[in-house]
2 protein chains.
Amino acid sequence: MSYVDAIEALADPTRRQIIDRLRGGGLPVGAIAEGMAVSRPAVSQHLRVLSDAGLLTVTPLGNKRLYAIAPDGVDDLRAYLDGLWDDALAAFARAADAQAKGKTHD
Amino acid sequence: MSYVDAIEALADPTRRQIIDRLRGGGLPVGAIAEGMAVSRPAVSQHLRVLSDAGLLTVTPLGNKRLYAIAPDGVDDLRAYLDGLWDDALAAFARAADAQAKGKTHD
DNA sequence: ACTTACCGTAAGCCTTAGCTTACGATTTGT
DNA sequence: ACAAATCGTAAGCTAAGGCTTACGGTAAGT
């Protein structure tokens, strides 16, 4: 159940900020941390969590390490929400149906 | 930005368990709490958080209160993930393209 | 009217987790 | 070989949040 790690990782605002910074493409740690409110080690720790959750890929590039969003990890979470969405709609439809049948004018 | 509240609400395992119990349809608090590891007040607090996040609807039904999943709230989160997914794929394609052009055999 | 059932809220405890500073490892440049 | 740059990790502090017990409030049943 990888979507659990993904959703728990994305629950943190700092980690969502990191994700937003990587929307345009992969970046090294220094570039990610630049201009952020927290320290660079803090960013490193968050990158670790995001990587473990399968949301980021790491590419050692000489001296630096390039972090980029992993589409597969995002997709796992999408699948979970799609299933939840389907069930919610079905339950809603059933409730509306029962309401229409049983309590029309009684 | 309602998706923020939604994702932070779903980050808790107990709250995800509650959501799972509501997949089949709306339930009163007692039925939700029954068989769960935590106390009923704890469930009540979680229901409050989920409602505030727009993930649940509340329907006072005489003595009880019926909680059900709100499809709209789930959809907000889906929209956020869809956008993230799109950006991630586009960035991935650009990176692969740059890789192919610049470093083919050099 | 009184009792029972259902539920929300307040107070308090305690664990979790994010942040900082300090340090070590590896790589690049001179 | 030496110096500088990039990054991960450990230790420690602190704030946030989830849980329990206790209580109050409203609706239903007798």
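Chain letters run A, B, ... following the sequence lines, proteins first and then strands; every chain starts at 1. Quick caveat, the model's predicted, so the values are computed rather than measured.
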* Asked: Please give, in whole Å, the distance from C/dG8 C1' to B/Leu50 CG?
  -> 15 Å
* To do: Treat each ILVMFWY residue as a node, draw an edge where side-chain heavy atoms are under 4.5 Å apart, and state whether A/Met36 and A/Leu22 are in one component.
  => yes
* Classify the side chain of A/Arg15 versus the base of C/dG18 as yes if they form a donor-acceptor pair under 3.5 Å and no if they do not. => no
* Please determine, for the side chain of B/Pro41, which listed nucleotide (C/dC19, C/dA5, C/dT9) has the closest atom? => C/dT9
* Structure fact -> Separation of C/dC7 atom P from B/Ile32 atom CD1, nearest Å, is 8 Å
* Roughly, in whole Å, what's the span from CD in A/Gln45 to P in C/dC23? -> 17 Å
* Structure fact -> Outer limits of DNA chain D sitting under 4.0 Å from a non-hydrogen atom of chain B, read 5' to 3', are D/dG18 to D/dA28
* To do: May I ask you to decide if A/Ile69's main-chain N or O and A/Arg23's side chain share a donor-acceptor pair within less than 3.5 Å?
  => no
* Round to a whole Å and report the spacing from CZ of A/Arg48 to P of C/dA17. => 14 Å
* Want to settle it: does A/His46 or B/Val58 sit nearer the 5' end of DNA chain C, counting the closest nucleotide to each? -> B/Val58
* Atom-to-atom span, NZ of B/Lys64 to C1' of C/dG8 - whole angstrom -> 17 Å
* To do: Return the set of residues passing ring pair (Phe, Tyr, Trp, His ring centres under 6.0 Å) with B/Tyr80 (not counting sequence neighbours), or none when no residue passes.
  => B/Tyr3
* Asked: Sub-3.5 Å donor-acceptor pair from the side chain of B/Arg65 to the main-chain atoms of B/Pro60, do we have one?
  -> no
* Reckon B/Arg40 has a side-chain N or O less than 4.0 Å from the OP1 or OP2 of C/dC7? -> no
* Quickly work out the A/Asn63 CG to C/dT27 C1' distance and round it to whole Å. => 4 Å
* Asked: Starting at the 5' end of DNA chain C and moving along, which residue's nearest nucleotide shows up first, A/Ser39 or A/Leu61?
  -> A/Ser39
* Please determine if a side-chain N or O atom of B/Tyr67 lies less than 4.0 Å away from the OP1 or OP2 oxygen of C/dG8. => yes
* Check the distance between C/dA17's P and B/Glu8's CD and give it to me in whole angstrom. => 15 Å
* Asked: Touch check for A/Pro28, heavy atoms < 4.0 angstrom, all strands: base, sugar-phosphate only, or nothing?
  -> sugar-phosphate
* Between C/dA25 atom C1' and A/Arg65 atom CZ, what is the distance in whole Å? -> 12 Å
* Asked: Is the backbone N or O of B/Ile32 less than 3.5 Å from a side-chain atom of B/Arg21, with the two atoms forming a donor-acceptor pair by type?
  -> yes
* Asked: Would you say B/Arg94's side chain and A/Gly24's backbone share a donor-acceptor pair under 3.5 angstrom?
  -> yes
* Check: B/Arg40 side chain, B/Ala33 main-chain N or O, donor-acceptor pair, under 3.5 Å -> no
